[in-house]
2 protein chains.
Amino acid sequence: MNLKQLSLTLGLSQTTVSRALNGYPEVSEETRRRVIDAAKRHGYRPNPSARRLATGKAGMIGYVMPTGAAVDIDPHFVEFLSGLGDYARGHELDLVLSPADAADEETTYRRVVANKQVDALYISAPRSVDKRIALVHQLGIPFIVHGRSEGLDFDYPFIDIDNEGAFHDATRLLLQLGHRRVGLINGDETQTFAIFRERGVSRALSASGLTLDPRDIRSVVMTEENGYRAARSLLEAADAPTAIVCSSLHMSLGVVRAVRDLNLSIPGDVSLISHDDVFPWLKPENFPVPLSTTRSSIRAAGARVAERLAARISGLEDGARGEVWPVDLVVRGSIAGARP
Amino acid sequence: MNLKQLSLTLGLSQTTVSRALNGYPEVSEETRRRVIDAAKRHGYRPNPSARRLATGKAGMIGYVMPTGAAVDIDPHFVEFLSGLGDYARGHELDLVLSPADAADEETTYRRVVANKQVDALYISAPRSVDKRIALVHQLGIPFIVHGRSEGLDFDYPFIDIDNEGAFHDATRLLLQLGHRRVGLINGDETQTFAIFRERGVSRALSASGLTLDPRDIRSVVMTEENGYRAARSLLEAADAPTAIVCSSLHMSLGVVRAVRDLNLSIPGDVSLISHDDVFPWLKPENFPVPLSTTRSSIRAAGARVAERLAARISGLEDGARGEVWPVDLVVRGSIAGARP
DNA sequence: ACGGCAACTCAAAGCGCTTTGGCTAATTTC
DNA sequence: GAAATTAGCCAAAGCGCTTTGAGTTGCCGT
């Protein structure tokens, strides 16, 4: 059943039927009712391809997904996706994942935009002076960044969590507990979230007259194995930190293992605070020693990104508003006062 | 630059240009060369919306993604996606994720197919007599199932790993080591992969004149926490199993924690073999005691699904061929002979 | 020299929708 | 009561591609 047939059965023109269905004012309420009713009865649904061709609107949001043999998609992504899906489902919004060569995402961005495959894009895991943001900004397609970039000479819409605040507060708490040396096991240092977190730790230390020694920082891809290695190398140093803040739960698994391998204990020898993105499959409260965390649901962020993307598409939102969400600091058994 | 403009600059009709570009035979090689050359020079790319409207082909593959507040996307999904993306990237194939109410996926499937949003679908995590497979089969869109269903009265194309064989072999090895009682910590029992795995364990036990006691089985959503609970309840029983086979690495984390909490040891008191889907962020060799595993890369499966989907779209593949991949059995330190 | 046959090329008709620019009849305005 | 609005509807022109059906050529055999 297409528009032509429907309008034929109604004895109306395609124009009128189309307008009635799309809520245009120049059609009488009675006619509109008839049309909507008939459409429902016949199960009419406009063909999206045709609509796209006519309007240029795709009814989909896009994500350019870096891939490659050496590229791993972060498991955080599924949780983000859950949130995005939660919102999108209620709005018949689909998500298009366009796989891109991680070394050349620009081509894919250009293709996606030129083809008008999607009405809006979201960008994740931004770096400093992120080229994708500049590109997408210039291409003029609606977008939202999940995270923040720095050093761009224009504003852009984003949602991010207060990474600096979170790690500042975590570090401050450790200092209040008497720790003087805090190690940071961070994610990939080119990512802004990692930069902000480091800044937070650094600021807290400075406030206590201390400094964050580069030797106490590890920036690595966030896997269990890397967490282990980082923790070992930190803790085996001559004057090792007595406390560690760690950027992910997966890495914290490795930290816990390293502490154990070194015959140390948490929190007796080492206090540990981890960031927790809230995964269903791995919870900080179920660690051998329940983990203190800075907590923020990445799933909620996904839903919010979808919501704002939808708003931008329909013109309800514009401008470059940035949202920064506060982060919970949840205290559990993995921290204790520093040994005198 | 569209077809019309391009054909104008070439002094040819749109027909000829279109045919030349799409490799039709009724155009002279010289003309074809000229056309292709001009297209490249002008950066001409056919508008996919228009092409879709004309051909009905979307150039995308689809996945109906169950969502909802109570629904968690499995982290396995990102690895599968990595594989899918790896293949799709080289073929300019995009993936459309259509979020669906987990309680009513049918509506979404129908919409996606009726709208011709995608050329093919893939279905994951099938159950027995899976309705989605029956539906998609009936709707007549190309598809591939990742996994297998049972009890359907028609054949369908799939790719799956040999879950039964894997768990059979793992169990047999444990029996050869002298274990008489093997516990199974499985995934959701409605999923066919879990059914097959149970069958594998059961068959191996039977071959040794033993039976798989229902008390030794746990079927749960595969999280660390559930793994912990399952292991505790298994090991706290009066005559507890001396060996456990476990369906996921995340659950195995919980198993390891439970064993430790009970003051037992691996492999001294309990031997453990886990299935490993090969995640970058968590590796069995890095467990406190390196884990023996049944191993199969879910990422490779993703790439293969994409490849076969592409083949089906272009008509290179048809029929209902099923592929069953063998699974490696990798022995590491987590298993030992049973105590006499 | 003419019909037949390849080998090429083209104009035009879709695909199913939105949107522009009327048109008619009913209502309002002066 | 004539002129000006306005409400409601419509025919037709796109959107940019593919594909059908119909020519043109040029060359061959007879």
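What you see below is based on every heavy atom in this structure, not just the backbone, and it leaves out hydrogens, waters and symmetry mates. No experiment lies behind these values; they were computed from the predicted model shown.
- The aromatic ring centres of A:Tyr122 and A:Phe80 sit less than 6.0 Å apart.
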Between protein and nucleotides 5-11 of chain D, map the contacts as a letter string: B base, S sugar-phosphate only, - none, heavy atoms under 4.0 Å, written 5' to 3'.
---SBBB

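- With sequence neighbours left out, A:Tyr44 forms a ring-ring contact (aromatic ring centres under 6.0 Å, His included) with no residue at all.
- Side chain of A:Asn22 to main chain of A:Tyr24: no donor-acceptor pair is present (N/O by atom type, distance under 3.5 Å, no hydrogens or angles).
- Listed by first then second residue, pairs satisfying salt bridge (charged side-chain N to carboxylate O under 4.0 Å, His left out) with a partner in residues 44-69 of chain B read B:Arg45-B:Glu92, not counting sequence neighbours.
- The environment of CZ in A:Arg33 is sparse: at most 12 heavy-atom neighbours from other residues, nucleotides or ligands sit within 6.0 Å.
- Side chain of B:Ser7 to backbone of B:Leu3: a donor-acceptor contact under 3.5 angstrom is found.
- Two rings, from B:Phe154 and B:His137, have their centers less than 6.0 Å apart.
- With hydrogens and angles disregarded, no donor-acceptor distance shorter than 3.5 Å links the side chain of A:Asp94 to the backbone of A:Met60.
- Evaluation of the salt bridge (charged side-chain N to carboxylate O under 4.0 Å, His left out) rule for B:Arg34 yields no partner, not counting sequence neighbours.
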So B:Val17 and B:Thr15, side-chain contact (heavy atoms from CB on, under 4.5 Å) or not? Walk me through it.
CA-CA 5 Å; B:Val17 176; B:Thr15 310; over 6 Å; no

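- A salt bridge is defined here as a Lys NZ or Arg NE, NH1 or NH2 lying under 4.0 Å from an Asp or Glu carboxylate O, and A:Glu317 with A:Arg308 meets this definition.
- By the salt bridge (charged side-chain N to carboxylate O under 4.0 Å, His left out) test, A:Asp119 pairs with no residue at all, sequence neighbours left out.
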Shorter than 3.5 Å, N or O on both sides, protein versus nucleotides 26-28 of chain D: list them out with atom names.
none

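- Classification of A:Arg304 and A:Glu323 as a salt-bridged pair holds, one side-chain N sitting under 4.0 Å from a carboxylate O.
- In the helix from C:dA1-D:dT30 to C:dC30-D:dG1, the rotation axis of the first five pairs and that of the last five pairs differ in direction by 50°, rounded to 10 degrees.
- For DNA chain D, none of the residues of residues 309-316 of chain B falls under the heavy-atom distance limit of 4.0 Å.
- Annotation: salt bridge (charged side-chain N to carboxylate O under 4.0 Å, His left out) contacts of A:Asp155 (sequence neighbours excluded): none.
- Protein chain B contacts DNA chain C from C:dC8 to C:dG16, reading 5' to 3' and using non-hydrogen atoms of the protein with a distance under 4.0 Å.
- Contacts of residues 35-61 of chain A with DNA chain D (heavy atom under 4.0 Å): A:Leu53, A:Ala54.
- Every pair passing salt bridge (charged side-chain N to carboxylate O under 4.0 Å, His left out) that includes a residue from residues 63-72 of chain A is listed here, sequence neighbours excluded: A:Asp72-B:Arg299.
- Between B:Tyr109 and B:Phe143, a ring centre-to-centre spacing not shorter than 6.0 Å is recorded.
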Please step through side chain to side chain donor-acceptor pair (under 3.5 Å) for the pair A:Tyr63 and A:Ser124, ending with a clear verdict.
CA-CA 9 Å; A:Tyr63 176 64; A:Ser124 72; 2.9 Å; yes

